[in-house]
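Report on the structure given below.
Order of the sequence lines sets the chain letters (A, B, ...), proteins ahead of strands, with each chain counted from 1. All values below were derived from every heavy atom in this structure, side-chain atoms included, with hydrogens, water molecules and symmetry-related copies excluded.
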Amino acid sequence: MTTSAVRCRVAPSPSGFLHIGTAKTALYNWLFARSNGGTFILRLEDTDAERTEEQYVQAMCEGFKWLGIEWDEGPEFGDEPEKGAFGPYRQSQRLQLYSEEAARLVAEGKAYRCYCTKEELDAQREQAALEKRPPRYSGKCRNLTPEEIAAKGDTPYAIRFRVPEGETVIDDIIQGPVRIQNKEYDDFIIVKSNGDAIFHLAVVVDDGLMKITHVIRGDDHLTNAGRHVMLFNALGYPLPKFAHHPLIHDEQGRKYSKRLHGANVLDWRKDGYLPETMINYISLLGWTSEEEGREFYTLDELKQLFTLKRLTKSPARFDRKKLDWLNGQHIRMLSPDALCDRVLPILREQGFPVDERSRDWLVEMAAICQEKIPTLNHIIPYTDFFFAAPTAYDEKGDRKFFRQDTSLQALEAALECMRQADEWTVTALKESYEAAAEQKELKIGALVNGTRLALTGKTVGPGLYELVKLLGREESVQRMEAALNYIKTSGEGTA
RNA sequence: GUCCCCAUCGUCUAGUCUGGUCUAGGACACCGCCCUUUCACGGCGGCGACAGGGGUUCAAAUCCCCUUGGGGACGCCA
């Protein structure tokens, strides 16, 4: 790109939560700005008052905050104050600007008043659908004479853009040149009869006045871009560069529906994914780095490496399995201390009395799970036994580790190891277990797995010696005795 | 229906612009083996794709056309 200042933006309409697709657009704009020393702008497209609610603004803000996407210019948003010299950044506060520009277009003959009613137009569209014709505006009000207009008196009117003859070319960075015959566009409305600007006018006026240099957005806007190019030209604004990236698809290959789980980026927070994972994963959904084969990227790396040239043209499906893998990678990159911080709220919410433990103990607990968990939420089944003794034993495990001929012997040997350990450390326990196994001619697995089942009630979990060490001698011994008692009193094992 | 975009393993992709180095490379998933106290991690190996048809060319995944498939857009929504 050029060295002249890049200015790009994301312009969500606050009509719901932060959609994963909006997050992608925001991310690509943000990364592009960052990798070029440019400016990233947030603008709220709330021209449709009926669909905008303040709570949505909050929800969206939380999504951006969680992902860590921060903007250089933008409206007051959540607890952020308005910032930037090209404001206001909410379209609802820029209505005056749109009216002025629309009036200018009308005065220059580039737009005109249309007195057709919504009902008339709807009927025409339905008729067109019936006859399998493309729905197009009839052009009824295109050439009204000043007399005819005067005769309308104060009948409400919308304003339509007078689409010129010819062809419009969108010179798209990702898609290449896209040529569309202007006759494919009918004279579209730019101002509603209630005086509010339509999206197309608003975007172009805003992008023009905010000196946007690059419009990076989903390719659902590709055909709209033609309208925008015409509007840029009509208004006399310099044309920004366009880059229309493909949409994110669901596992079935459709546009990721708002109703699907995961459409809301905060769904992923709830499911135990790290924001750095989401940034990394979404970046991969339509972009590859020069460095072949590499897929793990930190945010700082992305800010360095991101280029529009490496954007993909075809839509990508969201693959949960790959996301899991990536999340595991990012979890392992965390320091045990950081992992502890991420995991604590989850354990707390689960009702585990984590605040009774020392910080060191909690960090160690997080550390012994780090290699094991694909999502933060998996911390729960990996650590619940620390906070409550097992009330039941895994059925398969019971048969396998409690009911064999050597089960009792193994568990008693393990218990002896615990009782006699000189020091309560991972290495001491390990050595002691190994010595006992050898001496009693038992498989180490019998000792270890039996102990795991006795202490946790499960057959899977963190490394055994690590877990025993953290559980503490007293608690471990108690649980071993309970297990032995359970085996002896539940009968069937003696056979 | 009309217009626009897209098309390499199941999925994400490299390679396409600048045809030959591609008997098509990597990653996730899957399968097997190794490591191993479980689970996971890690290591090794396997399975697996240029949508189809025509051209152009000495040579095509790469260029052109058609077909098919998928997606998107056609609002006084954004």
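The ring pair (Phe, Tyr, Trp, His ring centres under 6.0 Å) search around A:Tyr393 returns A:Phe402, A:Tyr486, not counting sequence neighbours. Scanning for salt bridge (charged side-chain N to carboxylate O under 4.0 Å, His left out) contacts around A:Glu251 gives an empty result, with sequence neighbours left out.
If you check every strand for non-hydrogen atoms under 4.0 Å, A:His249 touches sugar and phosphate atoms only. Note on A:Cys114: nothing from the nucleic acid sits closer than 4.0 angstrom, heavy atoms only. Residue contacts shown for A:Leu121 include a base, since a base heavy atom lies under 4.0 Å away.
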With sugar-phosphate taken as primed atoms, P, OP1 and OP2 and all else as base, the protein-contact string of nucleotides 32-48 of chain B at under 4.0 Å (heavy atoms; B, S, -) is -----BBBBSS------
With B for base contact, S for sugar-phosphate-only contact and - for none (protein heavy atoms under 4.0 Å), nucleotides 3-17 of chain B reads SSSSS---SBSSS--
side-chain hydrogen bond (donor to acceptor under 3.5 Å, both in side chains) for A:Arg217 and A:His244? Distances and angles first, verdict last. CA-CA 5 Å; A:Arg217 75 227 308 187; A:His244 289 94; 3.0 Å; yes
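Here B:U2 sits opposite B:A73 as a Watson-Crick or G-U wobble pair (both hydrogen-bonding atom distances under 3.5 Å).
Rounded to whole Å, the distance from CD1 on A:Ile170 to P on B:A73 is 15 Å. Between the P atom of B:A78 and the NZ atom of A:Lys255 lies a distance of 15 Å, rounded to the nearest Å.
Regarding contacts with the backbone of B:G71, a side-chain N or O of A:Arg254 is found under 4.0 angstrom from either OP1 or OP2.
Residues of residues 152-166 of chain A having a heavy atom closer than 4.0 Å to RNA chain B: none are found.
For residues 376-386 of chain A, the set of pairs meeting the side chain to side chain donor-acceptor pair (under 3.5 Å) definition, not counting sequence neighbours, comprises A:Thr375-A:His378, A:Asp384-A:Lys458.
A:Asp319 has its side chain out of reach of A:Leu323: every pair of non-hydrogen atoms, C-beta onward, lies at least 4.5 Å apart.
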